[in-house]
Enquirer: 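Dropping the structure in here first, questions after.
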Amino acid sequence: MAEQESWTSRIGFIFAAVGSAVGLGNIWSFPFQTASNGGAAFIVVYLVAVFLIGFPAMLVEFVIGRRSERNPVDAFADLGYGGWTIAGALGAFTSFATLAFYSVVGGWVLIYIVGSATGAYFGDAAAYFGSVASGPTALAAHAVFMAITIGIVALGVTGGIERTTKVMVPSIFVLLIGLAIWVFTLPGADAGYGYYLSPDFGELAANFATIVPAAVGQAFFTLSLGFSVMIIYSSYLGRDDSLPADGGAIVIINTLVAILAGLVVFPILFAIGGEVPEAGGSGTAFTALAGAFGQLPAGAIVGFVFFMVLLFAALSSAISLLEVPVSYVVQHYDYERSAVTVTMGVVIFLLGIPPAMGTGILGWYNDIVFQFLLPLVVLLLIVFVGWVAADLSADELSQGSSVGSSFTGAWLWWVRLVVPIAIVLTFLLGIQSLLIKGGVLASPVFLG
Ligand code: PFF
């Protein structure tokens, strides 16, 4: 059996986990979701979703990982519940499939870093995006992004993941804060903040039934839950670390980055009086911001810095996605890490060819993961920890932590009863929106 690796320090684990959590979801999706769902009013809902649903669910993955000290696929058999292997396997598959399209978007970021230096997107930003988002350029960039990801993971848990996230995560913070200070001086900054944050409780009330599950879904995605990433990362953790304290730190830092990202994005869009795209994560958002960089003084430098932040965010997430399936093959078959990483990376690259050739396919990959696989995996893990292996879970949560048995007991009941309801709601709405998209349903039948 391959020797078990481990983080060199608690901070190393926190940086790696924050690196996984902070990604395109924080910098693209969150600001735009906030702006279009009631501003500060949405942030309240989001905070509730992240702290009351996401945080307890993160502890669920931590408990499985640290107790078993194994990869997510083998963890269940190690704990004496071999029948649950399917839950871990599904999580590993979700990571695998997600990286295939996440890497295509990571490739776009690389293209825009080069474009900031050459000025390629300064003219007609929309046309530029159209010409690079799919096709040969996108495919080449996807290959480069995967190659970097493979290079880091091949170097191992401490030599690759821990070493690089220790640099990337602080850089994200410093550069984002720098950008936030700079945009504060822009002429349209006030209007940008207003658009982003002004609380609109009417908007929230009118769409409450769909906004709440959307916030829950975003909470899972942004915390990298449902991908087994937090299982594998916590399996490399020491027994005297406090899971609730580390989880709390990760959730808080991740939330701060998301809020900060909005404070950067909207002043930039308003400085040029440009149109604000409705939804984030899409090409429209890429286009709008790149268009603004083309018109701002020092836009090339700001654009370069902004896309570097995005690159660090995307890369530190991508390596966690690759680590999940790699850790399984390395530990289970005792193969050499570098060979496994390259092989697995090449397969994921191939799986990423269709989304690199068409943004429509990319959307489908995203939908299947986000709406279907992710909630399913989280639900399975929660049932396992909350109901099937409850004694072991409660015991593991209290290891290395000063929280008392009342916290552990409350967490267990919360995980048993409240979190599953939130997930089932999200899941049903997700299926419904897939059916509507696919033309099976004409209009919502549930919480419409
Ligand atoms: N948390 C990442 C984001 O917000 O962009 C997405 C993600 C990365 C999900 C890595 C899962 C994961 F394993």
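Indexing begins at 1, ligand by ligand and atom by atom, following the structure's order.
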Enquirer: Checking the side chain of Ser103 only, and the main-chain atoms of Gly106 only, is there a donor and an acceptor separated by less than 3.5 Å?
Expert: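 Not a single qualifying donor-acceptor pair exists.
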
Enquirer: Kindly state each residue pair satisfying salt bridge (charged side-chain N to carboxylate O under 4.0 Å, His left out) with at least one member in residues 242-263, sequence neighbours excluded.
Expert: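 Output for this query lists Arg10-Asp246.
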
Enquirer: Does the Thr341 side chain pair with the main chain of Arg337, one donor and one acceptor, at a distance under 3.5 Å?
Expert: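 Here the side-chain-to-backbone pair exists.
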
Enquirer: Name all pairs fulfilling the side-chain hydrogen bond (donor to acceptor under 3.5 Å, both in side chains) condition that reach into residues 361-384, sequence neighbours left out, sorted by first residue then second.
Expert: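 Passing the test, one end in residues 361-384: Asp367-Lys437, Gln371-Ser433.
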
Enquirer: Any donor-acceptor pair under 3.5 Å linking the side chain of Trp7 with the backbone of Ile14?
Expert: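 Not at all, since once roles are kept as given, no pair shorter than 3.5 Å links the two residues.
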
Enquirer: Near ligand 1, which protein residues have a heavy atom under 4.0 Å away?
Expert: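 Answer by chain and number: Ser20, Ala21, Gly23, Leu24, Gly25, Asn26, Tyr102, Phe221, Thr222, Ser224, Phe227, Val229, Ser317, Ser320, Leu321.
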
Enquirer: Could you list all the side-chain hydrogen bond (donor to acceptor under 3.5 Å, both in side chains) pairs where at least one residue sits in residues 155-182, not counting sequence neighbours?
Expert: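 Applying side-chain hydrogen bond (donor to acceptor under 3.5 Å, both in side chains) to every pair that reaches into residues 155-182, excluding sequence neighbours, yields Thr8-Glu162.
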
